[in-house]
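Heads up: the structure comes next, in structure tokens.
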Amino acid sequence: MKQEHFEAFAKTSTEYYTNKLELYEQGKKFTFNLYAFLFSIYWFLYRKMYLHAFLILVLITLINIIKEKIVGYYGIYDNAQIKSIDLICNICLAIAFGYTANYLYIKHAIKKIGAVAQNFEGDESLLHQALEKKGGTNGLVVTILILTIIICCIIAASVVG
């Protein structure tokens with residue numbers, strides 16, 4: 001894969017991702033991504049990794065179901081203990097997202113670049129445009145999701161009291 005193809009796909013923060021690609025190619029597969037650590041599923045949506053975001057949502061749901069079963073099984077009803085368990089789970093997930101995000105993004109980019117490149121063999125300018133369109137970021141989906149969450153919280157707060 002050509003570096004300029006990867007840069008066109010990444011579109012933003014190209015120096016950061018090029019550096020992570022070089023580390024990946026040198027065998028250092030897992031590097032830390034602060035934004036994925038802080039924003040988890042939102043970072044994946046922002047980077048147009050929709051399948052990954054969906055799978056993360058499923059993972060979080062499964063973890064919450066398992067956590068509720070464990071809490072119920074052991075009879076943990078103390079709110080402070082439940083909050084501590086939640087905090088530990090959230091920190092562990094954030095660390096996992098932080099350390100796997102760059103790896104997953106590079107694998108995602110390699111796959112997408114390969115698929116797009118097959119359609120534009122020999123025409124670098126069209127390939128470059130297609131890669132920028134296929135890759136890059138999508139702030140709109142994150143904004144819509146955040147606004148939806150805010151609206152749901154407002155509605156829930158008005159219903160509760």
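Both backbone and side-chain heavy atoms feed into the values below; hydrogens, waters and symmetry mates do not.
- Applying the ring-ring contact (aromatic ring centres under 6.0 Å, His included) test to every pair with at least one member in residues 49-72, sequence neighbours left out, gives these pairs: His52-His108.
- The two atoms that bring Lys20 and Ile106 nearest to each other are O-CD1, 3.5 Å, heavy atoms only.
- Legend: residues meeting side chain to side chain contact (heavy atoms under 4.5 Å, CB included) with Ile151, ordered by chain and number and at least two apart, are Ile155.
- Of all heavy-atom pairs between Asn33 and Ala101, the closest is CB-CB, 4.1 Å.
- Among residues two or more places apart in sequence or in another chain, the ring pair (Phe, Tyr, Trp, His ring centres under 6.0 Å) test is passed with Tyr99 by Phe32.
- In this structure, Phe120 and Ala130 approach most closely via the heavy-atom pair CE1-CB, 3.5 Å.
- A search for ring pair (Phe, Tyr, Trp, His ring centres under 6.0 Å) contacts involving Tyr17 returns Tyr105, not counting sequence neighbours.
- In the hydrophobic clustering (ILVMFWY side chains linked at under 4.5 Å, chained through shared members), Ile144 is joined by Leu140.
- Shown here is Lys134, whose NZ atom has no more than 12 heavy atoms of other residues, nucleotides or ligands within 6.0 Å.
- Between the CZ atom in Phe6 and the CD1 atom in Ile110 there is a gap of 7.5 Å [rounded to 0.5 Å].
- Thr14 contributes atom OG1, which lies 12.5 Å from atom CD of Glu4 (distance to the nearest 0.5 angstrom).
- Judged as a salt bridge (charged side-chain N to carboxylate O under 4.0 Å, His left out), and not counting sequence neighbours, the contacts of Asp86 are Lys67.
- Crowding of Tyr42 atom OH: a count of heavy atoms from other residues, nucleotides or ligands under 6.0 Å exceeding 12.
- Listed for the Asn64 side chain is a donor-acceptor partner under 3.5 Å among the backbone atoms of Ile60.
- The structure places OG1 of Thr100 at 5.0 Å from CZ of Phe44, a figure rounded to the nearest 0.5 Å.
- Between Tyr103 and Tyr24, the angle of the ring planes lies from 30° to 60°, which puts this pair in the tilted group.
- Checked by atom type, the side-chain pair Glu132/His128 shows a donor-acceptor distance below 3.5 Å.
- Here the closest heavy-atom approach between residue Thr137 and residue Thr12 is recorded as CG2-OG1, 3.5 Å.
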